[in-house]
*Asks:* 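Input: one structure, supplied below.
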Amino acid sequence: MGKGIMLKKVIAVFLILTLSFSLFALDMSNAKPYSDDEFPKWQLNLRRAETIFFGGIPLIYPITYLAVDALNGNTDFWNVLGITCAVTASISIIDYIIGVTK
């Protein structure tokens, strides 16, 4: 048996197992939505900051890449990613401060 055929069989079994998990999902017909007081305020703030941080990375990365390339030309992936994470973390902190002061 060739390596290619074995790899295809492994991928097929993996896909069958992965896609069959939805067959065993719980019945959600009696689920009720979250109430307004179900989570503490700090958890909601943390979730918002997390969403802004991780959602901002793919948006800010190309801008950071272009800016770093224009300024010094050292577009190493890890350097640009570090700058991107610092920028998105700053945006998250600024959003938190604005939310607290309102």
Side-chain angles (χ1 to χ4, degrees):
M1 191 180 298
K3 287 184 178 181
I5 295 173
M6 185 64 176
L7 179 64
K8 288 180 182 178
K9 287 184 178 183
V10 168
I11 291 173
V13 169
F14 176 75
L15 287 174
I16 289 170
L17 286 173
T18 303
L19 297 175
S20 67
F21 286 144
S22 63
L23 297 174
F24 307 109
L26 296 175
D27 179 29
M28 299 299 290
S29 61
N30 61 352
K32 54 186 176 186
Y34 292 121
S35 63
D36 290 338
D37 60 344
E38 190 154 355
F39 295 105
K41 182 70 173 156
W42 69 269
Q43 282 183 335
L44 296 174
N45 290 338
L46 182 64
R47 176 67 179 147
R48 180 177 170 89
E50 175 189 15
T51 303
I52 292 172
F53 178 77
F54 287 112
I57 288 176
L59 300 173
I60 301 295
Y61 185 85
I63 298 167
T64 305
Y65 182 87
L66 292 174
V68 168
D69 189 37
L71 291 176
N72 64 4
N74 184 12
T75 57
D76 180 40
F77 172 76
W78 294 110
N79 289 339
V80 175
L81 185 63
I83 295 168
T84 302
C85 289
V87 169
T88 55
S90 301
I91 293 170
S92 296
I93 291 170
I94 290 169
D95 178 73
Y96 174 75
I97 292 170
I98 290 171
V100 167
T101 58
K102 278 191 170 183

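Treat the numbers as computed from the prediction; the structure is a model and nothing was measured.
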*Asks:* Nearest 0.5 Å, please: how far is CD in Q43 from CD in E50?
*Replies:* 11.5 Å
*Asks:* Sequence neighbours left out, what passes side-chain hydrogen bond (donor to acceptor under 3.5 Å, both in side chains) with D37? Give chain and number order.
*Replies:* S35
*Asks:* Taking only residues two or more places apart in sequence, or in another chain, which ones meet T101 in a side-chain hydrogen bond (donor to acceptor under 3.5 Å, both in side chains)?
*Replies:* none
*Asks:* Looking at D36, I'd like to know if its CG atom is crowded, meaning that more than 12 non-hydrogen atoms belonging to other residues, nucleotides or ligands lie closer than 6.0 Å.
*Replies:* no
*Asks:* Could you pull out all residues at least two apart from T18 that satisfy side-chain hydrogen bond (donor to acceptor under 3.5 Å, both in side chains)?
*Replies:* none
*Asks:* Taking distance alone, no hydrogens or angles, what donor-acceptor pairs closer than 3.5 Å link side-chain atoms of residues 85-98 to residues at least two apart or in another chain?
*Replies:*
{"from": "T88", "atom 1": "OG1", "to": "T84", "atom 2": "O", "distance (Å)": "3.1"}
{"from": "T88", "atom 1": "OG1", "to": "C85", "atom 2": "O", "distance (Å)": "3.1"}
{"from": "S90", "atom 1": "OG", "to": "A86", "atom 2": "O", "distance (Å)": "2.8"}
{"from": "S92", "atom 1": "OG", "to": "A49", "atom 2": "O", "distance (Å)": "3.3"}
{"from": "S92", "atom 1": "OG", "to": "F53", "atom 2": "N", "distance (Å)": "3.4"}
{"from": "S92", "atom 1": "OG", "to": "T88", "atom 2": "O", "distance (Å)": "3.1"}
{"from": "D95", "atom 1": "OD1", "to": "R48", "atom 2": "NH2", "distance (Å)": "3.1"}
{"from": "D95", "atom 1": "OD2", "to": "R48", "atom 2": "NE", "distance (Å)": "2.8"}

*Asks:* How many angstroms lie between atom CG of L71 and atom CG of L66, to the nearest 0.5 angstrom?
*Replies:* 11.0 Å
*Asks:* Show me the side-chain donor-acceptor pairs of residues 72-83 shorter than 3.5 Å, one per line, residues at least two apart or across chains.
*Replies:*
{"from": "N72", "atom 1": "OD1", "to": "N74", "atom 2": "N", "distance (Å)": "3.1"}

*Asks:* State the CG-OG1 distance between D69 and T64, to the nearest 0.5 angstrom.
*Replies:* 12.0 Å
*Asks:* Clusters formed by hydrophobic residues whose side-chain heavy atoms approach within less than 4.5 Å: which one holds F14, and what are its other members?
*Replies:* none
*Asks:* Would a 4.5 Å heavy-atom cut-off, applied to side chains only, mark K9 and I5 as touching?
*Replies:* yes
*Asks:* State the CD1-CG distance between I52 and L59, to the nearest 0.5 angstrom.
*Replies:* 12.0 Å
*Asks:* Are L15 and L7 connected, step by step, through hydrophobic side chains (Ile, Leu, Val, Met, Phe, Trp, Tyr) whose heavy atoms are closer than 4.5 Å?
*Replies:* yes
